[in-house]
Amino acid sequence: MPLKPLLGTICVVFLIFFAMESSNELPKAYEPQNVENRTYKAWLDSGLFNPDAYPEAKNPFCIIMPPPNATGRLHTGHALGYVLEDLMTRYHRMKGDKTLWLPGTDHASIASTNKVEKLLAKEGISRHDLGREKFLERVSQYVEQSRSDISNQGRLLGASCDWSRERYTLEPAMTKAVRTMFARMYKDDLIYRGTRIVNWCPRCMSTLADDEVNHKDQEGILYYIKYPIKNSEAFLTVATTRPETMLGDVAVAVNPNDPRYQQYIGNVVTLPLANRDIPVIADEYVDMEFGTGSLKITPAHDPNDFEIGRKYNLPTYRILDDEAKINFDSLRKANHDLSSIQQFEGMDRYTAREAVISALQTAGLFEKKKTYSNSVGVCYRCDTIIEPITSLQWFIDVNKKTPRHNESLKEMGLRAIHSKDIQIIPQRFEKQYFQWTENLRDWCISRQIWFGHQIPVSYCLPENGGCGETIVSVEEPLQCPKCSNTKPTPEEDTLDTWFSSGMWTFSTMGWPDNAEEKDGKIIKKGDLATFHPTTVLDTMWDILTFWVNRMILMTEYALDEAPFKTIYLHGMVLDKNGRKMSKSHEETAIDPLEMIEKYGTDALRLSLLIGVTPGNSMRLSQDKVESYRNFVNKLWNISRYILTFTGNEEKSEKTAKKPQYTLADRWIISRLNNLIAEVSKSIEHYEFSHAAELLRVFTWDDFADWYVEISKVEGDKRALLLSILEVLLVLWHPMAPFVTEEIYRLALSSFPPTHPDRPALLMVRAWPQSNSSAIDEKIEQEFLSLQKIVQTIRNARSENHISAGEKINLIFYTPHKSAFLTPHIDTITRLTHAGQLTIQDSGKKPHSALFLTTEDIEIYIPLTSMKIEEEKTRLDKEIINIESLIGKTNGQLANQEFVAKAPEHIVQDLHQKVANYQDELVRMQEQRKRLI
RNA sequence: GGACAGUUAGCUCAGUUGGUAGAGCAUCGCGUUUACAUCGCGAGGGUCACAGGUUCGAGUCCUGUACUGUCCACCA
């Protein structure tokens, strides 16, 4: 390209830039829409989200993003997580730690499958119509789109994660990790295949883990059915809520101590309809109080019955197929006569229920029915009532000790928290964690879902001429390693999604390649060595059991260490009426993306941070977001004032050599250093709301309403104002990154040259150190007394309806404080809109004037239209008030025990208080006399 | 059945080793400077759910009760 036009372009760009930067015409209100995309791009382009950009940084800080499901749109719950994680990440990055926030998404087998099935349903087809391969294609398409949506929405929130390390639970590297893990656990005998009762969702056509089943209360019906006792006229009546399952009954059980049934134990009853003979057995499990005290045993369709069936060696007849339709194959195999029940076969479970009842009625074996409230298990994804059935599945044994650790997975999970290797915030959730982990049962990890990690198992099937070998291997085997003459058939089932997400902290960091075992110890390399165990896991308490627990077990197993040091549990975001967003009505649900568009990301972020405590649910409303939009705008305007309206640089250069700090200067510096210390401490202690609150009070009250106002009187404070502003920008940045980065960009040329290492982007500006020598309690007290004087006068103005336009004169009468007050005459005058302020330490006191007293000062406001009678009444009231205060306080001081036992400073303070009250009382009484 | 939270101003919520209660929003009154009406100044408003106990002193610690919410287990 020729040089001249290039130069021309640069010049034009420079001029536009210069014109924009130096004009006094910053918009009156902050305009997030014009800032956020550009700012995020600048961050991305800088490459500074990547910890590799800081080779010298030492202390590692790492958060693994809980991978959102790749099923659609970002909701407020995600937003809260992103905001908290980004806050911590930005804080630690600014502190100079080697900071990594690793993003990713989850393939969420069941959720994704359901979404796509719903889409297919609109086309009138099912996944089975489509076939496995084509269906998986559709899911992949859908998931790809969602993943990129979700990840873009994270960017809108300002998430400063290292996108170059982004992971997906179903990418090839994760598959390798998952297969490796499975193979190792299998080798260690922790994974087995067996027939157990599982929770079966007939709609998803898959098993569900215990905690994937929700319990819903319902008004059910308890049916009483008579089972004739063989060779007798008598019956045993059983009560059941699922009468259709009786077709698979194998026994009737009673309590061995039940006097009603003693004589029947060991007898045989005839199973109605089926006309099968089944035994009457006795077991302590049966509750004599419930129903009739006799219980039908259906091992294939109830977990407790299954246990009893095993205990007494009873057969198991599964009479419901995978779609929950009646199917008698297992009875047929056992050569039972099915002629009397044939008509039920093929019926849906609820149709069969009606049919069975009516058949029983016809047979005269139906006694009665009763309404009964109980709860049923439903699928956590589709709300379908789950059916317990026996099924051949893969399980992880949580009680078996591993060869390497000589500790079971359950023990690992308990130890990690007991030993305080992992801290849970808030601590009370430890109890819930322990309770759940102690009751942990073997984890069913196989799912009959197509979308997911295929279980790395193949079978050398005899029907294909194979040897029957079960082959578990990381790579898919091409031939059977044992008989090597057939191609093994791969297992069709996939793994529970939580199996892969349980490995999330280390599979994302290159495991297993980045770790090897040497002499019984695990040597980590690369990111795994730098960042693992990760620092914090932020998530919601509802998946403490689903996910967090599994992460701990699997990480301890694979790496002999915890996945993270701290678990921060945030609460649930509710709508303004306290309902779950997902269940709330359209008009009260908050869409984070809509809030961002309307009020800006920073406003949304602040409304998710302030007034929120860990573990407690929070309400979010549009009003709240709006009020923080207002705050963001306030910060903008403070900055706008400092950057464009204080400019009197010629003047300040003359006097800037040795600044003489005024009381207000020293006060704000003291407050600022205090603030730095407190905010840092709060963030370190995960008290984010408190940190934000401290910042808000400082920024709005101390800085804007007092200091900036005073600076207008005292003048020449550009340098100091800028310095304070810069610190404020840094402190606010982790919470409100966009507006602060933008102000910083605008301000970069204006900052005084006192900090040599000022980076181009605020996001990497060093977090400030608090200078404790600048914190001065005495100065803060003095300034407080100035504030009290101003407030007392303002209050009097308002109470007496003296309009702001009316210039009043102030006469201060004070024998001791005139030296203190003299330098602040202008400030007090200005802040109270007074005309003239005179200070007297002796002489005549004015008569026709409003009288105030505070801080050892008598304040007189002479008024032309003084209403003496009103003033008398007012003073009388004040006098009564203060007398009662004195009475109360003296009462307490008269308490011998209080004086003897309370700490001295408390007693001293009270004495001081009484003295002050007394003093004010005397002044008021004197003034009252003068008014007569 | 078991466990855990919550109950503080009209509303939403803070309140960190027990020292005499705060903020935002809402309400009411008043609108003046070198930024901000998405603002400023001022005001009102609380038996801290209830009942006991420990203590000189309890919103804060202990016990019990009520209500609300959540979780777990059982449910023939």
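Atoms considered below: every heavy atom in the structure, side chains included; atoms not considered: hydrogens, waters and symmetry mates. In what follows, chains carry the letters A, B, and so on, assigned in the order in which the sequence lines appear, proteins first and then strands, with residues in each chain numbered from 1.
- Of the candidate nucleotides B/rG19, B/rU38, B/rC74, B/rC74 has the atom lying nearest to any side-chain atom of A/N304.
- As judged by a 4.0 angstrom heavy-atom cut-off over every strand, A/E626 is placed among residues making no nucleic acid contact.
- A cation-pi arrangement is absent between A/K888 and A/Y917 under the rule of less than 6.0 angstrom and at most 45 degrees off the ring axis.
- Taking every side-chain heavy atom of A/Y641 into account, B/rU34 is the closest of B/rC75, B/rA23, B/rU34.
- As judged by a 4.0 angstrom heavy-atom cut-off over every strand, A/R830 is placed among the base-contacting residues.
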Passes ring pair (Phe, Tyr, Trp, His ring centres under 6.0 Å), A/F290 versus A/Y372? Steps please. CA-CA 12 Å; A/F290 190 93; A/Y372 168 62; 5.8 Å; yes

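- Nucleic acid contact class of A/E709 (heavy atoms, under 4.0 Å, all strands): base.
- For A/R696, counting side-chain heavy atoms from C-beta on, the closest listed nucleotide (B/rC75, B/rG24, B/rG29) is B/rG24.
- Backbone-only contact: A/N895 has heavy atoms under 4.0 Å from sugar-phosphate atoms and none from a base.
- A/N439 comes within contact range of no nucleotide atom at all, as no heavy-atom separation falls under 4.0 Å.
- Side chains of A/H301 and A/T245: no donor on one and acceptor on the other come within 3.5 Å.
- Note on A/H215: a base of the nucleic acid sits closer than 4.0 angstrom, heavy atoms only.
- Pairing for B/rU7 is with B/rA66, a Watson-Crick or G-U wobble pair whose two hydrogen-bonding atom distances lie under 3.5 Å.
- The base of B/rC36 lies close enough to the side chain of A/K634 for a donor and an acceptor atom to sit less than 3.5 Å apart.
- For A/W541, counting side-chain heavy atoms from C-beta on, the closest listed nucleotide (B/rG40, B/rU70, B/rA3) is B/rU70.
- A/R242 and A/E387 are joined by a salt bridge, as a carboxylate oxygen and a charged side-chain nitrogen come within less than 4.0 angstrom of each other.
- Between the CD1 atom of A/I638 and the P atom of B/rG40 there is a distance of 9 Å, rounded to whole Å.
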Output, in order, the C-alpha distance, side-chain angles, deciding distance and verdict of ring pair (Phe, Tyr, Trp, His ring centres under 6.0 Å) for A/Y568 and A/F688. CA-CA 11 Å; A/Y568 178 92; A/F688 307 123; 5.5 Å; yes

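- The residues A/K311 and A/E307 are annotated as not salt-bridged, no charged nitrogen and carboxylate oxygen being separated by less than 4.0 angstrom.
- The existence of a salt bridge linking A/K681 and A/E684 is excluded, since no basic side-chain nitrogen approaches an acidic carboxylate oxygen closer than 4.0 Å.
- Checking B/rC56, B/rC74, B/rA43 against every side-chain atom of A/N795, the shortest atom distance belongs to B/rA43.
- Residue A/T240 is in sugar-phosphate contact alone, with no base atom involved, counting any heavy-atom pair closer than 4.0 Å across all strands shown.
- A/Q432 contributes no side-chain N or O that forms a donor-acceptor pair with the base of B/rA5 under 3.5 Å.
- Using a 4.0 Å cut-off, some side-chain N or O of A/R640 falls inside it from OP1 or OP2 of B/rC36.
- In this entry B/rC56 has B/rG19 as its Watson-Crick or G-U wobble partner, both defining distances falling under 3.5 Å.
- Mapping A/T241 and A/W436 onto RNA chain B by nearest heavy atom places A/W436 closer to the 5' end of the strand.
- A salt bridge links A/E244 to A/R353: at least one charged side-chain nitrogen sits closer than 4.0 Å to a carboxylate oxygen.
- When heavy atoms are screened at a 4.0 angstrom cut-off, A/T613 is found touching the sugar-phosphate backbone but no base atom.
- Side-chain to base pairing of A/R629 with B/rU38: one donor and one acceptor N or O lie within less than 3.5 Å of each other.
- The A/S375 side chain lies nearest to B/rC74 when the options are B/rC74, B/rU70, B/rG42.
- Contact annotation for A/G611: backbone-only contact, meaning every heavy-atom pair under 4.0 Å involves sugar-phosphate atoms and none involves a base.
- Each of B/rC56, B/rC36, B/rG19 was ranked by its minimum atom distance to the side chain of A/K901; first place goes to B/rC56.
- Between the side chain of A/H690 and the base of B/rU16, at least one donor-acceptor pair of N or O atoms lies under 3.5 Å.
- One can find a donor-acceptor pair under 3.5 Å joining the base of B/rA35 and the side-chain atoms of A/K712.
- Residue A/V376 is out of contact with every strand shown, counting any heavy-atom pair closer than 4.0 Å.
- Nucleotide B/rG1 is matched to B/rC72 when pairs are restricted to Watson-Crick or G-U wobble geometry with both distances under 3.5 angstrom.
- Using a 4.0 Å heavy-atom distance criterion, A/I802 is classed as making no nucleic acid contact.
- In the set B/rC75, B/rC36, B/rC39, B/rC36 carries the atom at the smallest distance from any side-chain atom of A/K28.
- Checking the phosphate oxygens (OP1, OP2) of B/rC13, a side-chain nitrogen or oxygen of A/R619 falls inside 4.0 Å.
- Here the nucleotide nearest the side chain of A/S798, chosen from B/rC4, B/rG29, B/rC56, is B/rG29.
- Pair check for B/rC48 finds none; no Watson-Crick or G-U wobble contact set falls under 3.5 Å.
- Here the nucleotide nearest the side chain of A/Q435, chosen from B/rC72, B/rU20, B/rC36, is B/rC72.
- The partner of B/rG29 is B/rC41, judged by Watson-Crick or G-U wobble contacts that both fall below 3.5 Å.
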